[in-house]
Student: 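Structure provided below as structure tokens; questions to follow.
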Amino acid sequence: MTDTASLDQASQPLQLRHFYLARQPMLDRNQALFGYELLFRPTPANSADIESDLPATAGVLAHAAQLGLPRAVGDAVAFLNVDTEVLMSDIFAFLPRERTVLELVGTVEATEPVLWRLAELSGHGFRFAAEASAHGSRLGRLLPLLDYVKIDLRAMPVVTMLALVPRLRGTGKRLIAEKVESQTEYKTCLDLGFDYFQGFYFARPSVIAGRKLSPSQLAVVDLLNLVMSDTDNIDIERAIKRDVTLSINLLRIVNTPAAGLRQRIDSLSQALVVVGRRQLQRWLQIMLFAEPGNHGHTQTPLLMLASTRARLMELLAERLRPGQRHVADMAFTVGIMSLMDTLFCVPMADLVEQIPVSDEVSGALLRRSGFFGELLRLAEAFERMEEGDDVMPALSELASSGDDLVELEMAAFEWSGQVVRSAL
């Protein structure tokens, strides 16, 4: 493996500037965050097919590495999809090997050159994953060189999975259940002995009407109502002091690196003055997702998703409406509130009635309408990796202006990582 060649390549100007990425969380058996599968796509303004075009893929990986891949995944493990052409190339010096798993896409075959290359990269500290097929012949000679085996629940019949999983467990490989979309599927995979889980279920569980907020969550919601109204600071401070846990958590979270404050906040009155109402509103919204008493470590993926979405929408609003701080603040509010129905298992319409929001925010949350609704749909499209006409004019405006979308996403990932590490 020629590291110097890769490093020389890294020093060259990168031509592929317009792309974006999403990350799908991967959880362990305790539903704690283990890793992210990173998915790269060009914007609609760029027609390059980066999944099969080596120069484009190399550019994406190099650019992501130059920006700092740890910014995208924090302390988690990064799973990156590679095809045969990329696998046989010499671009891997960019990647932090101890935190990277190369996931072989379905077109990679167990030819002698591929097997030799996998062994070579393994000697340099890389680990590999691949998906098992329903007919069982997908892995073959690749299996001894793999560390992880993925099973797509949507592509494999249950009967086949029940027979295959015990055999794979006997090989000592770590098993990843992919596209887990219900609690029943999660429980089945847990009972079968899967090590890790990935899927829509963990980010967006079904909304169950009628569930009530916990007393501590209600205290935060009540405080949000005070902050978002014209209530005097002294009354807000009294309300915070009535709940000791709330006071402690608020002081801790406003002192996170993500808050960006130059001085430590030691009192609630100081927090109200120094942080200001808009920022206090932000940290209270985050606290709803980070409340240790009810959620704790297992809620990290949802907190990460909500804070990342909110921060990305804020950064996008700053680029699209420069100099309009209130617009960016409102974009953040829409982003983080857009997942509160999932957090509380309460329909969004009911939440909007409980928390005072403007018509613009309400329209964005309930109908995805207006500027903020478009930003929300854009953020959701990033998360689902959707492309085409549904990835809205805002994305085209950003891409055509030369802004580097992945830098905004990396910044949002890094910020939310700081929040989660400090809030839980």
Side-chain angles (χ1 to χ4, degrees), residues 22-39 51-52 76-84 86-87 99-119 121-122 126-206 298 300-301 384-385:
R23 57 182 190 177
Q24 297 179 348
M26 198 173 295
L27 280 59
D28 65 16
R29 292 178 62 85
N30 296 317
Q31 294 195 38
L33 184 66
F34 168 69
Y36 287 106
E37 180 177 355
L38 296 182
L39 303 169
E51 291 188 291
S52 60
V77 176
F79 282 69
L80 297 170
N81 291 281
V82 296
D83 61 11
T84 302
V86 173
L87 187 68
R99 303 256 296 282
T100 302
V101 175
L102 303 178
E103 185 171 335
L104 310 179
V105 300
T107 58
V108 177
E109 298 180 359
T111 63
E112 290 300 327
V114 165
L115 294 174
W116 178 88
R117 181 60 168 157
L118 290 175
L121 290 172
S122 179
F126 286 102
R127 293 170 291 168
F128 305 96
E131 184 179 313
S133 63
H135 49 75
S137 61
R138 160 77 173 103
L139 298 179
R141 295 162 65 193
L142 292 173
L143 187 60
L145 293 164
L146 300 179
D147 299 273
Y148 302 88
V149 175
K150 281 189 156 188
I151 292 181
D152 185 342
L153 271 59
R154 309 270 75 80
M156 183 173 293
V158 175
V159 174
T160 304
M161 184 177 69
L162 292 175
L164 180 61
V165 168
R167 296 206 306 269
L168 289 173
R169 286 184 63 192
T171 66
K173 307 302 177 184
R174 283 164 283 184
L175 303 183
I176 301 170
E178 196 174 25
K179 297 184 182 176
V180 181
E181 296 184 358
S182 71
Q183 185 176 15
T184 300
E185 289 178 346
Y186 168 65
K187 181 65 165 58
T188 298
C189 293
L190 196 65
D191 292 341
L192 282 172
F194 277 88
D195 300 285
Y196 304 107
F197 309 86
Q198 182 179 2
F200 200 55
Y201 164 67
F202 300 102
R204 293 302 303 268
S206 59
T298 60
T300 300
R384 295 190 301 266
M385 296 311 299

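The first residue of the sequence shown is numbered 1, and numbering continues consecutively from there. These figures come from a predicted structure and were not determined experimentally. Side chains are part of it too, since the values below use all heavy atoms of this structure and drop only hydrogens, waters and symmetry mates.
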Student: Would a 4.5 Å heavy-atom cut-off, applied to side chains only, mark F34 and V77 as touching?
Tutor: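 Yes; the side chains approach each other to less than 4.5 Å.
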Student: Can you give me the closest heavy-atom contact between P25 and L33, atom names plus distance?
Tutor: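 Reported closest heavy-atom pair: CB-CD1, 4.0 Å.
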Student: Any idea which heavy atoms bring N30 and D28 closest together, and the distance?
Tutor: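 The pair with the smallest heavy-atom distance is N-OD1, 2.8 Å.
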Student: Would you say the side-chain atoms of R174 pair up with the backbone N or O of Y196, donor to acceptor, closer than 3.5 Å?
Tutor: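 Flag not set: sc R174 to bb Y196 has no pair under 3.5 Å.
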Student: Salt-bridged, E185 to R154, with N to O below 4.0 Å?
Tutor: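 A salt bridge links E185 with R154.
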Student: Taking T188 for its side chain and T184 for its backbone only, find out whether a donor-acceptor pair lies under 3.5 Å.
Tutor: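 Indeed, once roles are kept as given, a pair shorter than 3.5 Å links the two residues.
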Student: Inspect the contact between R141 and E112 and indicate whether a charged nitrogen and a carboxylate oxygen are less than 4.0 angstrom apart.
Tutor: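 Result for this pair is yes, salt bridge flagged.
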Student: Quick one: CG on L87 to CG on D83, what's the gap to the nearest 0.5 Å?
Tutor: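 Answer rounded to 0.5 Å: 8.5 Å.
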Student: Could you tell me which non-hydrogen atom of L146 sits nearest to which non-hydrogen atom of A130, and how far apart they are?
Tutor: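 L146 and A130 have their closest heavy atoms at CD1-CB, 3.7 Å.
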Student: Could you pull out the closest heavy-atom pair between E109 and T84, with the gap in Å?
Tutor: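 That closest heavy-atom pairing would be N-OG1, 4.3 Å.
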Student: Looking at V149 and L143, what are the two nearest heavy atoms and their distance?
Tutor: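 Scanning both residues completely, I find the closest heavy atoms to be CG2-CD1, 3.8 Å.
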Student: Do L164 and M156 have side-chain heavy atoms sitting under 4.5 Å apart?
Tutor: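 Contact flag for L164/M156 side chains = yes.
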Student: Side chain to side chain contact (heavy atoms under 4.5 Å, CB included), that's the test. Do T100 and L80 meet it? Break it down for me.
Tutor: CA-CA 7 Å; T100 302; L80 297 170; 4.0 Å; yes
Student: Is there a side-chain contact between E37 and K150 in this structure, where contact means two heavy atoms from C-beta onward sitting under 4.5 Å apart?
Tutor: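 Counting from C-beta outward, E37 and K150 do come under 4.5 Å.
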Student: Closest heavy-atom contact between C189 and A177?
Tutor: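 Nearest pair, atom of C189 first, then A177: SG-CB, 3.7 Å.
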Student: Can you check whether L115 reaches L142 side chain to side chain, under 4.5 Å on heavy atoms?
Tutor: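 The answer is yes; the side chains approach within 4.5 Å.
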Student: Are L104 and L118 close enough, and set up right, to give a side chain to side chain contact (heavy atoms under 4.5 Å, CB included), and what steps lead you there?
Tutor: CA-CA 10 Å; L104 310 179; L118 290 175; 4.2 Å; yes
Student: Show the numbers, then the answer: is there a side chain to side chain contact (heavy atoms under 4.5 Å, CB included) between R29 and L190?
Tutor: CA-CA 7 Å; R29 292 178 62 85; L190 196 65; 3.6 Å; yes
Student: Centroid-to-centroid, Y148 to F128, below 6.0 Å?
Tutor: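 No.
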Student: Can you find a pair of side-chain heavy atoms, one from I151 and one from I176, that are under 4.5 Å apart?
Tutor: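 A side-chain contact is absent here, since even the closest heavy-atom pair is not under 4.5 Å.
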Student: How long is the span from the CG atom in D152 to the CD atom in Q198, to the nearest 0.5 Å?
Tutor: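 Result: 9.5 Å between the selected atoms.
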Student: Just so I know, are the side chains of L153 and M161 near enough to count as touching, which here means a heavy-atom distance under 4.5 Å?
Tutor: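 Answer yes - side chains close enough.
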Student: ring-ring contact (aromatic ring centres under 6.0 Å, His included) between F197 and Y186: does it pass, once the steps are laid out?
Tutor: CA-CA 8 Å; F197 309 86; Y186 168 65; 5.0 Å; yes
Student: Tell me whether R127 contacts the main-chain N or O of L102 through its side chain, where contact means a donor paired with an acceptor under 3.5 Å.
Tutor: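 Not confirmed, R127 side chain does not pair with L102 backbone.
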Student: Counting only N and O atoms by type, is there a donor-acceptor contact under 3.5 Å from the side chain of R169 to the main-chain atoms of L192?
Tutor: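 A pair under 3.5 Å: yes.
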Student: How far apart are the C-alpha atoms of L168 and K173, what are their side-chain angles, what is the distance that settles it, and do they pass the side chain to side chain contact (heavy atoms under 4.5 Å, CB included) test?
Tutor: CA-CA 7 Å; L168 289 173; K173 307 302 177 184; 5.7 Å; no
